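Heads up: the structure comes next, in structure tokens.
Keep in mind the model is a prediction, meaning the values are calculated, not measured. Numbers restart at 1 for each chain; the letters A, B, ... are given by sequence-line order, proteins then strands.
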Amino acid sequence: MGKNGGDEEVIEENGNERKDKKDQEKGLVGYSVRFDHRVPPGTKIKYVTEGMLLQELLRDPHLRQYSAIIVDEIHERSVDVDLLSGFLKQIVTGDKAGRGGIPLKVVVMSATAQVERIKKFFSSDDSLKKGTSGEEVEYLQIEGRQFPVEVVHEPKPVPDIQEALVKTVFKIHTQEPLSDKHGKKDILCFLTGQEEIEAAQRLIEEFAETLDPKVPKVKVFPLFGQLSMEAQHEAFQPIKHPFTRKIVLATNIAETSVTVPGVRYVVDCGKAKVKQYRPRLGMESLLAKPISKSSAIQRTGRAGREGPGKCFRLYTAETFNTLQKTDLPEILRTDVLGAVLTMKARGIDDVLSFPLMDRPEIEAVENALVHLHVLGALGDDGRITEMGRKMVLFPVTAPYARVLLAAADPRYDCLLEAIDIISCITAGDDIFMQVRSEEDKESVDVYRKELQRREGDLITYLNTMQRFVSTPSSDRATFCKQRRINVRNMRQALNIRKQLRSLSVKTKMLEEPPAPDSEVTYQPVSPETAERILKAFLKGFAMKTAVLAPDSSYVTAHGKHVVAIHPSSSLHGVKREAIMFLEHVYTQKNYAKKVSAIQAGWIAEALAA
DNA sequence: GAGCACTGC
């Protein structure tokens, strides 16, 4: 590798592994993702995730190790890719001295044409002043491949989406052929959520009963994330019965994450549930909103992957024209707490002037700065503190990182316990799956009750992790099955646990590596230890607390909003003096999730010291 | 009595 500006090329990928066995053996191609790294000596091309490259920026702010960076799928606009684009712009348009005078080449790839914006963003501000915008940015276009899809809009707004859906599905079913030379001609419907999907399934199945026996049959498959892997898998299988059409009722999962084969008809309800952070309320909402034009086009495209198709939009052409061009990028929809800390840790003192393709509201940034100050990550001068520098080393959000630091403090002394809990919580979806049938529920509840603790959800997660790791590996599958624990998420939790433990040793928060699980016997934590754990969590979540009001509702300490305990919590329906919750979501109501019982006096105590 | 979809140092 050269002395300055390396000869290594980094290809940024969104988690998709691109491993070519032969090249890898020769050491030409390497990759680096969260739990898996393979970068042999002599690597010329390295595939990394955005988060990994942001992490490398901490050590190597000018990316001197690389001669070129390729950013793929930039239109997906994750927070990480937005931050990375900002740093890349600074490197490309800034002073080359930090790279020994060697320029960095940046290639960005996008499936949708926001060409002008991207060109403008990566141009230096000087060229903008001279009116030669984008001259140093070259542009190449490659045609996509798709079969034609005919789009049909509703002539006028539909009063009832479910009714319109059933009507459209059976219009397709009775008027369009079951297959052609390209293969099956199945139907994929985009709906907003589980509830809507289950209602639609009932309606379609009821209506199907009334069909003339000469008409082909239909079989309905729901498809959403909370469904078990097996149930999801069913929706991908070609239908076995002859003379039958498959109808898949899906959430956005079928727009972004999976491809259902055989689809030639798409029915689009025009909406999707979106999570959006409300900086003023310090909480997020999950509500059905109109989709963007680009999302509608993406859904339409799902009908043309295997042959010419048709897309029926359950809204008018006028409504389509009123849709936003693109979805709101994530940085405008989430808490910018993490983004601000990421910038601060990489030397950005004035975060408001950092180049971003979309800037969050000033209020959102200010809230994040205040919150980071409360957490102790920023000092009174707004600069990152010693504590903040330690926090960014952990792959968890700032409040969790603060909890880990508190837990390592001798006053709380519960780092391993905090790691167990945070591993369970940050392992993706809840490790506890929802139980669908009533009979299953009874038996599962018997086992789950054993894990539950009166202190609430956090100590229940701790109990679960401790019971799990002290179970012999041959019995772990049964352990999970009985309690309906998602094995994939549990495996992820173990990975995170291992990573957090090793980072704790590296940062000297743990003096020595913890004993292997095989040498630890299970013992439920004492109420005294549970109290120390909850107090350590309050160091990160003192703002997310509520006290029981005289009318038996919980009122938040911050903002005085009424919150209800979510039904997924072990404390649902329970009245305690005060609660701490790690998540705060508005759906049908204002809900607190991941809830623990605390004493009201602990809140002020946590904010004080 | 309720759950759009991903990912990560």
Side-chain angles (χ1 to χ4, degrees), chain A residues 12-16 32-37 48-59 73 76-81 83-84 190-198 223-227 232 250-258 269 271-276 284-289 291 295 298-299 327 330 333-334 338-339 341-342 345-346 389-398 400-401 404 426-430 432-436 438 441 486 492 495-496 499-500 502-503 506-507 564-574 583 585-594:
Chain A
E12 193 286 315
E13 260 298 308
N14 301 323
N16 301 328
S32 187
V33 298
R34 187 171 186 186
F35 299 118
D36 193 10
H37 312 264
V48 297
T49 54
E50 292 127 4
M52 196 63 81
L53 198 54
L54 279 173
Q55 209 57 20
E56 289 191 20
L57 273 168
L58 275 179
R59 297 187 301 270
E73 313 268 17
E76 287 184 4
R77 300 294 308 275
S78 64
V79 172
D80 281 355
V81 89
L83 292 173
L84 198 55
F190 285 100
L191 295 166
T192 58
Q194 178 177 350
E195 208 180 352
E196 216 180 70
I197 286 171
E198 285 170 348
L223 182 61
F224 48 87
Q226 282 275 59
L227 224 49
Q232 286 194 27
T251 60
N252 246 3
I253 192 171
E255 186 188 313
T256 49
S257 349
V258 297
C269 78
K271 291 190 171 173
K273 280 193 190 170
V274 229
K275 216 172 227 179
Q276 183 148 18
E284 52 190 7
S285 59
L286 178 64
L287 299 168
K289 295 261 173 80
I291 57 173
S295 179
Q298 176 76 9
R299 288 179 174 189
D327 291 301
E330 194 188 9
R333 289 187 292 110
T334 51
L341 187 57
T342 299
R346 285 156 189 77
R389 294 214 178 276
K390 259 189 159 171
M391 285 165 63
V392 296
L393 298 176
F394 288 88
V396 294
T397 59
Y400 287 122
L404 291 173
T426 61
D429 293 322
D430 205 326
F432 293 110
M433 290 188 287
Q434 64 158 348
V435 186
R436 290 171 67 73
E438 282 301 316
K441 218 176 153 155
N486 184 319
Q492 174 80 345
N495 277 329
I496 296 170
Q499 188 184 24
L500 294 179
S502 108
L503 282 166
K506 257 187 225 157
T507 55
I565 296 177
H566 193 269
S568 65
S569 169
S570 60
L571 291 182
H572 175 66
V574 177
E583 291 165 17
V585 190
Y586 178 80
T587 48
Q588 315 257 327
K589 277 198 250 187
N590 225 335
Y591 279 116
K593 300 171 95 172
K594 315 264 161 67

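Taking the side-chain contact (heavy atoms from CB on, under 4.5 Å) definition, one finds that A/Y400 meets it with A/V396, A/T397, A/I422, A/I425, A/T426, A/F537, A/F541, A/L582, sequence neighbours left out. The ring-ring contact (aromatic ring centres under 6.0 Å, His included) test applied to A/F394 returns no partner, not counting sequence neighbours.
A straight line from CD of A/Q194 to P of B/dG1 spans 18 Å, rounded to a whole angstrom. When rounded to the nearest whole Å, the span between CD of A/E330 and P of B/dA5 equals 16 Å. As a whole-Å value, the separation of A/I496 CD1 from B/dT7 C1' is 11 Å. A straight line from CG of A/L286 to P of B/dA5 spans 9 Å, rounded to a whole angstrom. Distance CG (A/D429) to C1' (B/dG3): 9 Å, rounded to an integer number of Å. In this structure, CE of A/M433 is placed 17 Å from C1' of B/dA2, rounded to the nearest angstrom. What separates CZ of A/R333 from P of B/dT7 is a distance of 15 Å, to the nearest Å. In this structure, A/Y400 places its OH atom 18 Å from P of B/dG8, rounding to the nearest Å.
Phosphate contact (OP1/OP2 of B/dG8, side-chain N/O of A/T426, threshold under 4.0 Å): absent. Distances shown here put every side-chain N or O of A/T49 at or beyond 4.0 Å from the OP1 or OP2 atom of B/dT7.
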Check your understanding: Going through the checks in order, is the side-chain contact (heavy atoms from CB on, under 4.5 Å) test met by A/L57 and A/L84?
Key -> CA-CA 9 Å; A/L57 273 168; A/L84 198 55; 4.1 Å; yes
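Nearest-nucleotide assignment on DNA chain B puts the 5′-proximal partner with A/K593, out of A/S32 and A/K593.
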